[in-house]
There are 2 protein chains.
Amino acid sequence: MTSLPSLLGDIDPTSDRAVFRQIADQLREAIDRGRFKESEKLPSEAELVEHYGVSRMTVRNSFSVLQGEGLVHAEHGKGVFVRPRPPVRRLASDRFARRHREQGKSAFIVEADAAGSHPQVDSLEVKEAKASQDISTRLGSVRRVLARRRRYLLDGRPVEFATSYLPLDIARGTQIAEPNPGPGGIYARLEELGHHLDHFDEEIRARMPAPSEVKTLRLASGVPVIHLVRTAYDTEGRAVEVCDTVMAADAYVLSYQLPAT
Amino acid sequence: MTSLPSLLGDIDPTSDRAVFRQIADQLREAIDRGRFKESEKLPSEAELVEHYGVSRMTVRNSFSVLQGEGLVHAEHGKGVFVRPRPPVRRLASDRFARRHREQGKSAFIVEADAAGSHPQVDSLEVKEAKASQDISTRLGSVRRVLARRRRYLLDGRPVEFATSYLPLDIARGTQIAEPNPGPGGIYARLEELGHHLDHFDEEIRARMPAPSEVKTLRLASGVPVIHLVRTAYDTEGRAVEVCDTVMAADAYVLSYQLPAT
DNA sequence: CAGGCCTACTCGTATAGACGAGTTGGCAAG
DNA sequence: CTTGCCAACTCGTCTATACGAGTAGGCCTG
């Protein structure tokens, strides 16, 4: 059992700061300074108990602080590790530009291939359903919709979960209602059906995930989600699609370009 | 001491699910179903200990799960409460349109007044500094910058903390270097100086806050931050400002409009 | 050599108890 | 009536202990 001499200091018993917070502070600083590198194992609970002369629950408490900050993650039977920052996927504001749609493959696949990652799409589900209050409002008082669910993975890791809602009177009986919507995706099909796209509205929120989202996206603790709701409008001003997307926040950077006029 | 009869069920000792998770599940469901309303007090630790027949640490453990999800918050000496969703500030993508700038007051003040909130701006600090690597890159290899820091509050609650960086050769000696940049803000001054704004790039990330951000924004546990970095370009393609903003995620919805072309 | 087992180490869950500190409301003293 | 104190209730911190369960590596057996 090593004594972790230079890496970590001591507890100041006269401080008002709780012991577990002092320990968390020292570990956090050590991580920030690069004393512990990405994916590196932190000292075990037992080692820290020995080093600081505190009880195990106190050490665990300090770990849970760092977990809540998304700095570390624990692996049962292995140890506590500095959480690596995964490669991020950049979403540019021109990602739905028509020129991208005309190339055939979906934006997600093209982009991931270009970045050298292995993309996958799964849990594809297409069904007709009643619109929720919110979706109905966004689509302009539509009652029934076609719902297309899917999950996106990069190199085996789930990063995004999305559901598209389209008015049934538009989508029913078209290729949009098929599992594979064909080249260019549903936006290409909408345009073929005469719904020329004019613009998109995107609403962005960030929050902690619900338990079901933790499961679907295999989220580590301390990782928020980005919740994006996009509404597509055609040139007649009609909302023709609402896409509700939940993304693992540590895997994304969203990027927008705004005119200054 | 009440028995909390109908609100909460029992523990299933045969389940693999940990007891504290089962308790958290029941509390979460009760909150979701509205059995506990916003700002309402949950049963005290002692009551739950009695109801479920578990130890206090187990109950606390389940509370900490819900805190991590941002669902509840504890107040020392009072109890554990359902966290209210604060009113959100909507940031539209046209918020920097020139027509808004020409009205004089800052966008933040105008908007908040319109929404019936009481806006404040504090911790104003203006100083010259060396650009960080990141800022320097975004501004096009600028070494020294003018940094303008400020914090925004709504009804006394801090919601946003921002720092603007401008190349020193542009800002030095102008009103931009004064604490009060005058009507229309620094963008109006930049245009008067001949830097006609062309467009903005915004990069958006979400993550858990660092301890200093928790302090500055008085964040409850389980509340992520939205990190937005905006770069302003003039009509000559030069980056004339970078604004680094950290927002309390529970107080904001960002909204963008994208062309479909 | 291959396979399986065993052991030591890791974190996960849970109990029981102690003391500290913030809050609230009632009661007693002035 | 007002003031101040006190008691009861709240969550916060910390200790000590116990057992469960996942992991990894070495060792033993076939």
Side-chain angles (χ1 to χ4, degrees), chain A residues 1-2 4 10-27 36 39-68 71-83 211 214 218 220-222, chain B residues 1-2 4 10-27 36 39-68 71-83 214 220-222:
Chain A
M1 185 142 301
T2 59
L4 321 169
D10 286 322
I11 295 304
D12 173 6
T14 69
S15 165
D16 334 7
R17 193 149 178 84
V19 173
F20 75 88
R21 289 187 204 284
Q22 293 186 47
I23 295 176
D25 290 343
Q26 293 191 14
L27 292 170
F36 299 110
S39 300
E40 195 175 327
K41 189 175 164 301
L42 295 183
S44 74
E45 295 175 356
E47 284 170 323
L48 291 172
V49 163
E50 163 120 355
H51 176 79
Y52 286 115
V54 297
S55 83
R56 188 173 156 229
M57 286 312 291
T58 301
V59 170
R60 281 183 62 75
N61 216 338
S62 68
F63 275 155
S64 93
V65 169
L66 299 177
Q67 268 189 58
L71 275 181
V72 306
H73 69 109
E75 291 183 35
H76 193 169
K78 293 196 196 165
V80 177
F81 301 83
V82 179
R83 212 157 66 72
V214 170
R218 274 186 246 142
S221 64
Chain B
M1 184 142 301
T2 58
L4 322 169
D10 286 321
I11 295 304
D12 173 5
T14 69
S15 165
D16 326 5
R17 193 148 177 86
V19 173
F20 76 88
R21 289 188 202 284
Q22 292 185 49
I23 296 176
D25 290 344
Q26 293 190 15
L27 292 169
F36 299 111
S39 299
E40 194 174 328
K41 189 174 164 301
L42 294 183
S44 74
E45 294 176 356
E47 284 171 324
L48 291 172
V49 162
E50 163 119 355
H51 176 80
Y52 287 116
V54 297
S55 82
R56 186 172 158 230
M57 287 311 292
T58 301
V59 169
R60 281 183 62 75
N61 217 337
S62 67
F63 275 154
S64 94
V65 169
L66 299 177
Q67 268 190 58
L71 275 180
V72 306
H73 69 110
E75 291 183 36
H76 193 167
K78 293 196 193 166
V80 177
F81 299 83
V82 179
R83 211 157 67 72
V214 170
S221 64

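Owing to the predicted nature of the structure, the values given are computational and were not obtained by experimental measurement. A, B, ... follow the sequence lines: proteins, then strands. Residue 1 opens every chain.
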task = List the steps and the verdict of side chain to side chain contact (heavy atoms under 4.5 Å, CB included) for A:Val72 and A:Arg83.
result = CA-CA 5 Å; A:Val72 306; A:Arg83 212 157 66 72; 5.7 Å; no

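- When distances run from any side-chain atom of B:Lys78 to the nucleotides C:dT10, C:dT15, C:dT23, the shortest one goes to C:dT23.
- Annotation for A:Gln67 and A:Ala74: closest pair NE2-CB, 3.8 Å, computed over non-hydrogen atoms.
- B:Arg17 comes within 4.0 angstrom of nothing in the nucleic acid, heavy atoms only.
- Atom-to-atom, NE2 of A:His73 to P of C:dT10 comes out at 17 Å; the value is rounded to the nearest Å.
- Put simply, CZ on B:Phe20 is 15 Å from C1' on C:dT15, counting in whole angstrom units.
- Separating the CZ atom of B:Phe81 from the C1' atom of D:dC9 is a distance of 12 Å, rounded to the nearest angstrom.
- To the nearest 0.5 Å, the span separating CG on A:Leu42 from NE2 on A:His73 amounts to 9.5 Å.
- Spacing between atom CG of A:Asp16 and atom P of D:dC14 amounts to 12 Å, rounded to whole angstrom units.
- Scanning residues 55-65 of chain B for heavy-atom distances under 4.0 Å to DNA chain C yields B:Ser55, B:Arg56, B:Met57, B:Thr58.
- Taking atom CD1 on B:Ile11 and atom P on C:dA14, their separation rounds to 9 Å, with Å as the unit.
- For the pair A:Glu47 CD and C:dA8 C1', the interatomic distance rounds to 14 Å; values are reported in whole Å.
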task = List the steps, then state whether side chain to side chain contact (heavy atoms under 4.5 Å, CB included) holds for B:Leu48 with B:Phe63.
result = CA-CA 11 Å; B:Leu48 291 172; B:Phe63 275 154; 3.5 Å; yes

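- Toward the 5′ end of DNA chain D lies the nearest nucleotide of A:Val19, the other residue of the pair A:Val19 and A:Gly77 mapping further downstream.
- Rounded to whole Å, atom C1' of D:dC14 lies 16 Å from atom CG of A:Leu48.
- Between the B:Gln26 side chain and the B:Asp10 main chain, a donor and an acceptor come within less than 3.5 Å of each other.
- Residues A:Ile23 and A:Ser62 approach most closely at CG2-OG, 3.4 Å, considering heavy atoms.
- Of the possible donor and acceptor atoms, one in the side chain of B:Gln22 sits under 3.5 Å from a partner among the backbone N and O of B:Asp12.
- Taking the side chain of B:Arg21 as heavy atoms from C-beta on, and the options C:dT13, C:dA14, C:dT10, the nearest nucleotide is C:dT13.
- At whole-Å resolution of the value, NE2 in B:His76 and P in D:dA8 are 18 Å apart.
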